[in-house]
Amino acid sequence: MDYKAFFWDMFLWTQGVNDAARQFGMQSPDFWKWVADSAGAITKKYDDNRLAVMQMVMMIEWLEEVYEKQRQAG
């Protein structure tokens, strides 16, 4: 696996998360659809490499925590 390319894609994905959150709002099903679709695309791009899968799982769990904190504060 090209680790440099993978971690660059992770950087770009986090930028995309920020854009999707601004566009849809984290409470929107469209936001979570974007997250799921884009995470799936990255893992597929890297042939379901375990690092790619685990990285995306961790990132989605982190987003869920951020969402829950916002929901509880709001």
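Remember, predicted model here, so these are calculated numbers, not experimental data. We number each residue from 1, following the sequence as shown.
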Engineer: Rounded to the nearest 0.5 Å, what's the gap from CD on Gln23 to CG on Asp19? Could you check?
Structural biologist: 8.0 Å
Engineer: Which pairs with one or both residues in residues 32-57 pass salt bridge (charged side-chain N to carboxylate O under 4.0 Å, His left out), sequence neighbours excluded?
Structural biologist: Asp9-Lys45, Lys33-Asp37
Engineer: Taking the hydrophobic residues Ile, Leu, Val, Met, Phe, Trp and Tyr, and joining any pair whose side-chain heavy atoms are under 4.5 Å apart, which ones share a cluster with Ile42?
Structural biologist: Met1, Tyr3, Phe6, Phe7, Met10, Trp13, Val17, Phe24, Met26, Phe31, Trp32, Trp34, Val35, Tyr46, Leu51, Met56, Met58, Met59, Ile60, Trp62, Leu63, Val66, Tyr67
